[in-house]
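Taking it in order: structure first as structure tokens, then the write-up.
Numbered from 1 within each chain, the chains take letters A, B, ... in sequence-line order.
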Protein chains: 2
Amino acid sequence: MSINSRFTVAIHMLVLLSLNENKYYSSKFIAQSVNTNPVFIRRILSSLVKANLVTTQLGVEGGASLAQPAEQITLLDVYRATEPESLFTLHHSEPNMHCLCGRAIKPILGSIFTEAEMALTQVLAQTTLAEVKQQIQNNTL
Amino acid sequence: MSINSRFTVAIHMLVLLSLNENKYYSSKFIAQSVNTNPVFIRRILSSLVKANLVTTQLGVEGGASLAQPAEQITLLDVYRATEPESLFTLHHSEPNMHCLCGRAIKPILGSIFTEAEMALTQVLAQTTLAEVKQQIQNNTL
DNA sequence: AAAACTGCAACTACAATGGTTACAGTTTAG
DNA sequence: CTAAACTGTAACCATTGTAGTTGCAGTTTT
């Protein structure tokens with residue numbers, strides 16, 4: 001399958017927060033921009049808080065705000081916070097150990113998959129939230 | 001989410017076929033090596049046939065065989081045959097066009113995601129079935 | 001004619017995704 | 001000090017994807 005929309009939504013949210021880093025944005029407000037429901041937003045926010053990308057404030061006028069400057073947050077940080085450990089699913093059921101192929105294939109594919117995933121994450125590490133924000137703002141000129 | 005085990009299973013199958021390129025392997029035999037059921041194998045085979053990586057033979061002593069030499073089949077070919085078009089899921093529901101962020105973010109993320117996926121596919125393109133087979137055979141010395 | 005296959009449809013079980021409701025707890029404004 | 005606006009989280013639902021299973025028509029070899 002594919003990388004969850006959680007990742008896409010998380011970036012969307014964080015870019016939104018970066019538009020005014022001193023403001024707390026409510027999950028309801030964010031949900032309207034993303035066009036989804038506030039609970040889904042709060043679930044993702046929960047992951048982002050754990051990864052120390054966002055801080056939240058309870059109560060009236062509360063909400064979420066960036067925990068770090070947008071220049072310091074890369075898309076890889078967001079990816080790590082929202083996506084599971086490994087991108088590739090190895091075998092659903094353990095291969096047959098009586099078969100040459102079954103015995104040896106897992107570690108070999110594992111290392112190729114790790115290499116491929118690293119190539120992907122390196123690209124994500126090269127882009128910061130601030131750059132995405134900048135592109136969005138240029139787009140509207 | 002993550003990349004389906006279909007991809008992993010497809011590689012497993014093809015490496016198995018590469019052990020003897022002149023033989024037809026039945027879906028039952030392949031299923032035993034992968035430790036799954038023959039129908040699941042035939043469903044994946046169907047995709048591989050469409051991608052011209054495999055030919056099948058009906059009847060007694062029939063089964064599947066590589067349609068190309070193992071040296072010419074890369075993991076990227078297998079990836080393309082078994083995985084959907086795009087790895088990343090953009091928004092589940094369309095973002096709010098009344099929001100600066102909602103309007104502009106999709107194409108920007110789209111191009112970053114394309115770049116990231118290309119980095120991944122380039123790694124997959126560098127490995128052929130023959131190389132995986134070679135590693136498996138070395139492994140058992 | 002029997003046996004060994006593919007190809008495919010139909011049905012099932014299970015897990016993941018995202019939407020919805022509900023509610024306890026926190027904070028601010030009045 | 002109470003009402004309102006928030007977060008955080010659990011519970012439940014609908015939908016979809018994944019993989020397993022059964023069944024059967026059609027093909028090929030013996």
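Put simply, NZ on A:Lys23 is 10 Å from P on D:dC6, counting in whole angstrom units. Look at CG on A:Leu90: it is 16 Å from P on D:dT18, rounded to the nearest Å. With rounding to whole Å, B:Ile30 atom CD1 is found 11 Å from C:dC5 atom P. Whole-Å rounding puts the B:Ile41 CD1 to C:dC5 C1' distance at 15 Å. Nucleotide C:dC5 holds its P atom 7 Å from the NZ atom of B:Lys28, rounded to whole Å. The CD atom of B:Gln32 sits 14 Å away from the P atom of D:dG20 (whole-angstrom rounding). A straight line from CD of B:Glu83 to P of D:dG17 spans 13 Å, rounded to a whole angstrom. In this structure, CG of A:Asn37 is placed 14 Å from C1' of D:dA14, rounded to the nearest angstrom.
Within the structure, every side-chain polar atom (N or O) of A:Thr56 is placed at least 4.0 Å from both OP1 and OP2 of D:dC6. Under 4.0 angstrom from either OP1 or OP2 of D:dA5 there lies no side-chain N or O belonging to A:Ser26. Applying the 4.0 Å criterion to OP1 and OP2 of C:dT6, one finds that B:Ser27 has a side-chain N or O inside that range. Contact annotation: A:Ser5 side-chain N/O to C:dG18 OP1/OP2 distance is under 4.0 Å.
Counting heavy atoms of neighbouring residues, nucleotides and ligands inside a 6.0 Å radius, atom CD of A:Glu61 does not exceed 12 of them. Shown here is B:Gln68, whose CD atom has more than 12 heavy atoms of other residues, nucleotides or ligands within 6.0 Å. Sparse packing is recorded around NZ of B:Lys28, with 12 or fewer heavy atoms of other residues, nucleotides or ligands lying under 6.0 Å away.
Here the straight-line distance linking atom CG of B:Leu45 with atom OG1 of B:Thr55 works out to 10.0 Å at 0.5 Å rounding.
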Nucleotide by nucleotide, 5' to 3', does protein get under 4.0 Å of the base (B), only the sugar-phosphate (S), or neither (-) in nucleotides 24-30 of chain D, counting heavy atoms? ---BBB-

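Residues of residues 43-52 of chain A that place a heavy atom closer than 4.0 Å to DNA chain D, in numerical order, are A:Arg43, A:Ser46.
Side-chain atoms of A:Arg6 and A:Thr82 include no donor-acceptor pair closer than 3.5 Å.
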If you apply the rule side-chain contact (heavy atoms from CB on, under 4.5 Å), what do you find for B:Thr74 with B:Leu124, and how did you get there? CA-CA 7 Å; B:Thr74 71; B:Leu124 296 180; over 6 Å; no

Pairs of donor and acceptor atoms involving the side chains of residues 107-119 of chain B, under 3.5 Å and at least two apart or interchain, shall be tabulated with distances.
{"from": "B:Ser111", "atom 1": "OG", "to": "B:Ile108", "atom 2": "O", "distance (Å)": "3.1"}
{"from": "B:Thr114", "atom 1": "OG1", "to": "B:Gly110", "atom 2": "O", "distance (Å)": "2.8"}
{"from": "B:Glu117", "atom 1": "OE1", "to": "B:Leu87", "atom 2": "N", "distance (Å)": "3.1"}
{"from": "B:Glu117", "atom 1": "OE2", "to": "B:Leu87", "atom 2": "N", "distance (Å)": "3.4"}

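Of the residues near DNA chain D, A:Val39 and A:Gly63, the one whose nearest nucleotide (by heavy atom distance) lies more toward the 5' end is A:Gly63.
For the pair B:Asn37 and B:Ala31, the tightest heavy-atom approach, listed with the atom from each and the gap, is C-CB, 3.7 Å.
Under the 3.5 Å distance criterion, the side-chain polar atoms of B:Thr8 are matched with a main-chain donor or acceptor of A:Thr89.
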